[in-house]
Structures are given as structure tokens and as C-alpha cells.
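Chain letters run A, B, ... following the sequence lines, proteins first and then strands; every chain starts at 1. Keep in mind it's a predicted model, so treat the numbers as computed, not measured.
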There are 2 protein chains.
Amino acid sequence: MAYSTVNDDELLSRSTDVFRTLGYEGTTLSRLSAATGLEKASLYHRFPGGKDQIALAVAGGVLAWFQKHVFEPFKSTEAPRRKAGAVVEQLRVFYADGTKPCALDALSLSGGGPELAEALKGALLAWLKAFTEIARESGLSAAESKRRAEQAVIQIEGSLILSRVLGDTKAFRRTLEELPGLLTAE
Amino acid sequence: MAYSTVNDDELLSRSTDVFRTLGYEGTTLSRLSAATGLEKASLYHRFPGGKDQIALAVAGGVLAWFQKHVFEPFKSTEAPRRKAGAVVEQLRVFYADGTKPCALDALSLSGGGPELAEALKGALLAWLKAFTEIARESGLSAAESKRRAEQAVIQIEGSLILSRVLGDTKAFRRTLEELPGLLTAE
DNA sequence: GTCTATATTAAGATAGAC
DNA sequence: GTCTATCTTAATATAGAC
């Protein structure tokens, strides 16, 4: 194989694509090698812990991406409804219009060990917290804000599955349309 | 290994548990052998097509289970709200109170080939159709019935993921509580 | 119809050259 | 820091005894 090099961001991004699409069990070092252009031995050099460590890095990377593109925008001084609209566009990018599975779904099915499970749980809790805060800020009660945040995540995850199985992203796109109304007071 | 035998129903039921928990890629003949008590060679005798054929049988078996326990009860002459309540109990059983993943989710992630994908799509369409009919029967418009059926499936799939990642089935149990109200006119 | 035994391929992982 | 080469284990799959 020709000598190759790829920076940490690219390496993580391409690995994330593999893991979220094939799941933890479906992801192999051979497939990661094909996706990143690095030989297996090189992957072990960057991640001595092998597949487990890469999966953990992927989970951490996804959380970092959400923190930057989804959670942070919520802390701006703009109106809640406007912020929700901006965040919807970032979600559309992350899920490639509903064609790419959620990493939480793909990585939480089997395999992966307790450390990965903890990382996924932490990421989901951070997501719920961020959604709860924007609902709260829009004037909703604490209880109602929590309920709507959960509902929003459920809606995203569920509609992604429908879209995937039906081969039609309509359900996901409608979820995004309805998201600002769900997360903020009318 | 001691001589073993298991009837078709048990074989399918135990295989289903493996596939829905570990996903298509995570399921191996060794694990199926451990779960069913049959040696790998015996599994090939019952399913010459190997893993692919077993996965197809699992998809068909799940659809058959839903037809018997979920879709059929909808055709009784009882009141829609009452039927919805009975079906909720069957869903609680199938998903083991929210602790077992949905086969549609687990089997649609990667692997499995186009035949399996078609089987999953057919099962989901049948599910949506059944849910739409009970909503329609309760007096809702055709459009609203279709919307609520989709919403119900999204809610089930999404809450299962939340329950799995958080290690807490609260979200799924609330989904079941709200299901009769969602599927039928108030 | 299930078993033991085995063939073949691919998985995770490491050693060492460059 | 990436490569080639190799090790060990586990995967899918088949042959043939009982």
C-alpha cells in the first residue's frame, strides 16, 4: 500500500462514519483501514488499544461535535426559537438529511464494553440537558422542558430508524421541521 | 456436545433473541449455537443458507408474531381504545418492558443484504398499516390516522434507544402509557 | 437430524524494517 | 509514523460418521 498520512480530525471523522453505519460489531480494523487509508498496524500505532479505543474516541468526538455545533449555539443571546432553527440545520448536517444512523443507536447495540456504554450515556445526558435548557429558557416549566427534551431526542432517534428501514427520509425531515416548535414555547 | 433437539418455534425464538440483541453483524453461528444448543453443522442442516437465511426467518417470525399478537387483535369488534390497551400489553411483552431492542433497529444496521432489508421494510409497512387502521376506526381522519401511526412507531423505537443508552426503561414505559391516547381519538 | 472434525477465510493484534 | 509480514483466534462453511 502506498504511504499514507491523515490528520487526527480526518481519522476520527472517517472512523465515525464507519462505526455509525456498521455498528460496533460490524466495524472491523480492515474496514477502518479501507476507510482511513491507513494500514491496520498504523491504526494500532495511533490507537494502541485497538478497536475499543477507536470506538471510545468516536464517542468522544461525536460529543465534542455536538458541544460545538449544537449545545454551544444554545448559549448565545439570540431568541430561543431562532437558536432552535439554527441547531436544526446542524442536525440536518450531522445526520446527512436522515441517511446516516445515530452513533448512539449504532454503538449501543451489543459489543463495546462498559466504558463505551458509559461514554454514550454521558453524551445522551449532555444532549438532554442542552435541549432542556433551551426549552426552559423559552419560558416553559422545568418539568415540561425536561419532557420536551426527551420527546425531541426520541423523535430524532425514532424517525431515523423509520427513514432507514423504509428507505425514505421523509419522517426524519418532518421531525426536524417540528423540532423548533417542540423545543420552545409557542 | 450432548445430543440435542429443539423444535422450529424454539429455534426461531432463541435465534431472534440473539439477532435483536447483538444485531446482524454481532450475531455469529457460534453464538447462535450457544443460544440454541445446536452445533453449527446442525444449524446449517436446518438452514442451509446459513446466517443470512436465519436472519430472514427471524424477520419473518417477528412479523408473524406481530400479526398474531398485535395486528389481529385490532380486527376484533371491541372498542378501539380497549383494543389499544390490550395491544400495549403485548408490546410490553415483546420488548420485555423496554429491555430488549427492536429487531427492526438491530437488523437494519449494516450487513444483511437487500432481501433482509426488503423483509424489514415489509414488516414495518404492515405495522404502520395496522396502527393506521385502529386510529381510523376510532374516528380520526385518514391523514391524521397515518400521522399518528407513524408517530406511535417513532415513539416506540426512539424510547427503546433512550432506555437502552440510559439503562433506564422509564421512557419506554411512558411511551406505552401514552400509546392508547395517541392511536385513538380522545 | 445431530454430532465431530476440518477446510478456508477474516478477525484482532504484534514485531520489526524503513 | 507507516509499512510488510506474521501470529493467534474466531468466523463461515462443508464432509462424513452415527
Side-chain angles (χ1 to χ4, degrees), chain A residues 1-59 106-107 109-117, chain B residues 1-59 61 106-107 109-116:
Chain A
M1 190 185 243
Y3 194 94
S4 165
T5 183
V6 60
N7 66 38
D8 287 356
D9 281 355
E10 263 301 299
L11 180 56
L12 197 60
S13 159
R14 295 189 194 177
S15 300
T16 300
D17 250 32
V18 177
F19 269 105
R20 73 190 296 191
T21 306
L22 304 175
Y24 180 85
E25 297 275 5
T27 297
T28 64
L29 290 177
S30 302
R31 293 201 238 232
L32 286 171
S33 170
T36 61
L38 289 182
E39 281 300 329
K40 286 190 279 182
S42 304
L43 290 172
Y44 276 102
H45 180 80
R46 308 270 280 257
F47 298 97
K51 180 174 158 178
D52 277 14
Q53 191 183 344
I54 303 180
L56 271 175
V58 163
L107 289 178
L109 265 173
S110 81
E115 218 176 340
L116 178 60
Chain B
M1 190 184 242
Y3 194 93
S4 167
T5 183
V6 60
N7 66 36
D8 286 357
D9 281 355
E10 263 301 298
L11 180 56
L12 197 59
S13 159
R14 296 189 194 178
S15 300
T16 300
D17 249 31
V18 177
F19 269 105
R20 74 192 294 193
T21 306
L22 303 175
Y24 180 86
E25 297 274 6
T27 297
T28 65
L29 291 177
S30 301
R31 293 202 238 232
L32 287 171
S33 170
T36 61
L38 289 182
E39 280 300 327
K40 288 187 278 181
S42 304
L43 289 172
Y44 276 103
H45 179 80
R46 307 271 279 258
F47 297 96
K51 180 174 158 179
D52 277 15
Q53 192 183 343
I54 303 180
L56 270 175
V58 162
L107 289 179
L109 264 174
S110 81
E115 218 176 339
L116 178 60

Would you say that [X] contacts [Y] through its side chain, given a criterion of any heavy-atom pair below 4.5 Å between the two side chains?
X      : Y      : answer
Y24(B) : E25(A) : no
D8(A)  : R46(A) : yes
L32(A) : T27(A) : yes

Between atom [atom1] in [X] and atom [atom2] in [N], what is the gap in whole Å?
X      : N       : atom1 : atom2 : result
L29(A) : dT14(C) : CG    : C1'   : 12 Å
K40(B) : dT8(C)  : NZ    : C1'   : 12 Å
Q53(A) : dA13(C) : CD    : P     : 11 Å
K51(A) : dT14(C) : NZ    : C1'   : 18 Å
E39(A) : dG12(C) : CD    : P     : 14 Å
H45(B) : dT4(C)  : NE2   : C1'   : 16 Å
E25(A) : dA10(C) : CD    : C1'   : 15 Å
I54(A) : dA11(C) : CD1   : P     : 14 Å

What nucleic acid atoms does [X] come within less than 4.0 Å of, heavy atoms only: base, sugar-phosphate, or nothing?
X      : answer
T36(B) : nothing
T28(A) : sugar-phosphate
S33(A) : nothing

### Message
For chain A and DNA chain D, what are the first and last nucleotides along the strand, 5' to 3', with at least one atom under 4.0 angstrom from a heavy atom of the protein chain?
### Response
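The contact span of chain A on DNA chain D goes from dG1(D) to dT4(D).
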
### Task
Could you walk me through whether F19(A) and K51(A) pass the side chain to side chain contact (heavy atoms under 4.5 Å, CB included) test, one step at a time?
CA-CA 10 Å; F19(A) 269 105; K51(A) 180 174 158 178; 4.1 Å; yes

#### Entry: Exceeds 12 heavy-atom contacts within 6.0 angstrom, atom CD of E10(A)
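More than 12 within 6.0 Å, yes.
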
#### Entry: Full working for side chain to side chain contact (heavy atoms under 4.5 Å, CB included) between L11(A) and L43(A)
CA-CA 9 Å; L11(A) 180 56; L43(A) 290 172; 4.0 Å; yes

### Task
Return the minimal non-hydrogen interatomic distance between A57(B) and F47(B), and the atom names on each side.
CB-CE2, 3.8 Å

### Message
Let me spell it out: for each of A41(B) and Y44(B), pick the nucleotide of DNA chain D with the closest heavy atom. Which residue's pick is nearer the 5' end?
### Response
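The residue closer to the strand's 5' end, by nearest nucleotide, is Y44(B).
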
